[in-house]
Trainee: 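The following block contains the structure, expressed as structure tokens.
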Amino acid sequence: MKTALDILKERGFIEQMTHEEEITKLFAEGKPINFYIGFDATADSLTAGHFMTIMGMAHLQRAGHRPIALVGGGTTKVGDPSGRTDMRKMLTDEQIAHNCEIFKQQLGKFLDFSEGKALMVNNDDWLSKLGYVDLLREVGFCFSVNRMLSADCYKSRMEVGLTFLEFNYMIMQSYDFLELNRKYDCIMQLGGNDQWSNILGGVELIRRLENKPAFGMTFKLLTTSEGVKMGKTAKGAVWLDPNKTSPFEFFQYWRNIEDAKVEECLSLLTFLPMEEVRRLGSLEGSQINEAKEILAFEVTKIVHGEEEAQKAKEGARSLFGGGADSANIPTLEKTRADFADGIELLQLMVETGLAPTKTEARRNIEQGGVKLGEEKVEDVKRIVVLADFENNKLLIQKGKKKFHQVVLTD
RNA sequence: GGAGGGGUUCCCGAGCGGCCAAAGGGGGCAGACUGUAAAUCUGUUGCUUUAUGCUUCGAUGGUUCGAAUCCGUCUCCCUCCA
């Protein structure tokens, strides 16, 4: 009988764990385990980066364990220095509270919170109430500054500077674990591998203070083969909020994943059985495109629902397959009156977001990268007029993969 | 608190009175090659009404025909001392 741990291991989630033998035994007993993962509310949406972690939680929940999703309203006020070479921008309390609300809603889509099958907490509830001296006396003596400084998450900051505020982050996170342990009997903390030292802090704190077992595990971080964190683009993160990253863009992100990462992504980001994952991952040459499409579809389905995933898939197929059905690609609505005198193509490209500025749009045209429908645009000063539309639609293509359509609405 | 060093375009980093919209690298974008992949090669990379145009080199005030470059003030960061 496979334990939840076996499943996570088989799918390649696990990077490190604190007490492997004990953890293995614990899972083998089959009793529900209360575990937690924290999400700091640094932005107004979760990202693709969080998604993998959430999948880990979902697998554990499916196996009967109880996740505690912790939203870091309090820790965000401090700012995690892990993996950063500069200090985080300070957010206002209102922004943080706002972000927390959004995180809660989004998390609710991926985990089953009914009938106490999962819990949602906000560490601001207790961290903000801590008294400085009380905290120092309660947990301060458990932390060795020498050891903290040697922790990985602070190393990168030793040269450029680390503020006392950030230095305390580890203590805050450790305190969270202690609090959850006391209140909800939470005995395990998971997180991305960059959280390893923060997690260790909590595990050791509980073991010392409560004299009880506590465990930590970290998940592998998804990176491209160059080692760049996956889920990031030049424009920023790939968001789970459809208003920040449209389902179509989201789909395309995974559709364009590099060959070498297909199997890993299928395994970590979908619920497909492992035999299927391995079969798809072993496809070679252009056949691997089939696997990429399945990956993109499955991930989009989990995040945005089956309907949106289907639309994105069809939209992509028609665009790249040369079909004419462009119903599901990003659209800009315009009225006929807007085109009375025609509109500069440069202007339209900026409005659709295909180019950030007119200069950039001009450059794209000069370099031969812009198409109107089937026509390659040669003239930088091209004016778009009603006659360019077909069935009230006009497709603008920039480069090979960026499409946007303008639709006339009257 | 004292003494030094520094803040340059998305990032790193040169420039130290005109030849600077600012070297080089990274990243991005476009083109070629392809499989909506990777690698490679080429071009490009402040903005606009493309011009002997406009706005940029931490902020501000000055010197100068002319300042990223010199001077004053402010601000932030780093190192050493206390």
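Residue numbers begin at 1 in each chain, while the letters A, B, ... track the order of the sequences. The structure presented is a predicted model; accordingly, all values stated were derived computationally and were not measured.
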Trainee: A/Thr359 has a side chain; which of B/rG35, B/rU36, B/rU48 sits nearest to it?
Mentor: B/rU48
Trainee: Among all residues two or more places apart in sequence or in another chain, which pass the salt bridge (charged side-chain N to carboxylate O under 4.0 Å, His left out) test with A/Asp112?
Mentor: A/Lys117
Trainee: Looking at B/rA30, I'd like to know if its phosphate oxygens (OP1 or OP2) sit under 4.0 Å from a side-chain N or O belonging to A/Lys371.
Mentor: no
Trainee: Ring centroids only, cut at 6.0 angstrom: are A/His65 and A/Phe35 within range, meaning strictly under it?
Mentor: no
Trainee: Check side chain to side chain contact (heavy atoms under 4.5 Å, CB included) between A/Leu130 and all other residues, then give those that pass, not counting sequence neighbours.
Mentor: A/Leu127, A/Leu135, A/Tyr175
Trainee: Just how far, in rounded Å, is C1' of B/rC29 from NZ of A/Lys401?
Mentor: 12 Å
Trainee: If the cut-off is 4.0 Å, is A/Thr357 near the phosphate of B/rU48, judged by side-chain N/O to OP1 or OP2?
Mentor: yes
Trainee: Using a heavy-atom cut-off of 4.0 Å across all strands, would you classify A/Ile288 as base, sugar-phosphate, or nothing?
Mentor: base
Trainee: Hey, does A/Ile294 have a side-chain heavy atom less than 4.5 Å from the side chain of A/Leu272?
Mentor: yes
Trainee: From C-beta outward on A/Asn289, which listed nucleotide comes closest to its side chain: B/rC47, B/rG35, B/rC29?
Mentor: B/rG35
Trainee: Tell me whether the guanidinium CZ or amine NZ of A/Arg255 lies under 6.0 angstrom from the six-membered ring centre of A/Phe297 and within 45° of its axis.
Mentor: no
Trainee: How does RNA chain B read in dot-bracket, base by base from 5' to 3', with Watson-Crick or G-U pairs under 3.5 Å and | used when the partner is on another strand?
Mentor: (((((((..(((.....[.....)))((((((.......))))))(((..).))...(((((..]....)))))))))))).
Trainee: Taking only the side-chain nitrogens and oxygens of A/Lys358, find out if one of them lies under 4.0 Å from OP1 or OP2 of B/rU49.
Mentor: yes
Trainee: Closer than 4.0 Å, any side-chain N/O of A/Lys400 to the OP1 or OP2 of B/rG31?
Mentor: yes
Trainee: Looking only at side-chain atoms of A/Gln252, point me to the closest of B/rA30, B/rU44, B/rU36.
Mentor: B/rU36
